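Only one structure is covered here, and it is reproduced in the block below.
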Amino acid sequence: MWITVLIFAVAAIVGLTMALAVFQGRLPPIASAITHGVLAATGLVLLIVAVCHGAAGPARWALGFFLVAALGGLTLVLAYHARRKNLPANFVVGHATLAVIGLLLLLAGALHLI
């Protein structure tokens with residue numbers, strides 16, 4: 001589970017750098033978007049495998065939050081970034097909020113806090 005936490009944490013750091021660009025009115029670099037997407041997708045696949053093999057409640061909740069965040073991320077990529085349109089800051093904040101909740105749930109589960 002710790003590899004999954006680490007992958008999502010790195011994806012979050014890359015996502016933060018992209019969010020900073022959005023808040024400055026710039027389009028995030030495509031390399032960052034690809035890196036963020038690949039890391040998040042990798043973490044998602046690993047989390048799905050863990051849940052299918054009996055991971056506890058927090059991992060299941062984290063998976064739900066990450067799946068919704070992934071749908072938001074796909075929307076941001078396809079509707080805005082791919083068309084070179086500025087990403088809406090409120091949508092970016094919503095995407096990030098869901099993903100951070102998922103990461104915190106996953107981390108709390110890995111640490112056996114909940």
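The shown structure was predicted, so the numbers you read here are calculated from the model rather than taken from an experiment.
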Over all heavy atoms of both residues, which pair between [X] and [Y] is shortest? Give the atoms and the distance, please.
X	Y	answer
Ala11	Ala40	CB-N, 4.0 Å
Ala99	Ala69	N-CB, 3.9 Å
Arg60	Ala55	NE-O, 3.4 Å

Just checking Tyr80: does its OH atom have more than 12 heavy atoms from other residues, nucleotides or ligands closer to it than 6.0 angstrom?
no
List the atom pairs, with distances to 0.1 Å, where a side-chain N or O of residues 101-114 and a protein N or O form a donor-acceptor pair under 3.5 Å, not counting sequence neighbours.
none

Here the side-chain hydrogen bond (donor to acceptor under 3.5 Å, both in side chains) pairs for residues 27-41, sequence neighbours left out, are none
Show me the pairs that pass side-chain hydrogen bond (donor to acceptor under 3.5 Å, both in side chains) and involve residues 40-55, at least two apart or across chains.
none
The side-chain contact (heavy atoms from CB on, under 4.5 Å) partners of Leu63 (sequence neighbours excluded) come to Leu44, Leu47, Ile48, Val51, Leu67
If the condition is side-chain contact (heavy atoms from CB on, under 4.5 Å), which residues does Ile3 pass it with, not counting sequence neighbours?
Ile7, Leu46
Identify every side-chain donor-acceptor pair in residues 12-31 under 3.5 Å, counting partners at least two apart or on other chains, and give the distances.
unit_1: Thr17; atom_1: OG1; unit_2: Val14; atom_2: O; d: 2.6
unit_1: Gln24; atom_1: OE1; unit_2: Arg26; atom_2: NE; d: 3.2
unit_1: Gln24; atom_1: OE1; unit_2: Arg26; atom_2: NH2; d: 2.6

Would a hydrophobic clustering, with Ile, Leu, Val, Met, Phe, Trp and Tyr connected at side-chain separations under 4.5 Å, put Leu6 with Leu39?
yes
Do the side chains of Phe8 and Val100 join up, straight or via other hydrophobic residues, at under 4.5 Å, putting them in one cluster?
no
Here the gap from Leu71 atom CG to Leu76 atom CG, rounded to the nearest 0.5 Å, amounts to 11.0 Å
Quick check against the 3.5 Å criterion: does His95 have a side-chain atom that pairs as donor or acceptor with the backbone of Gly72?
no
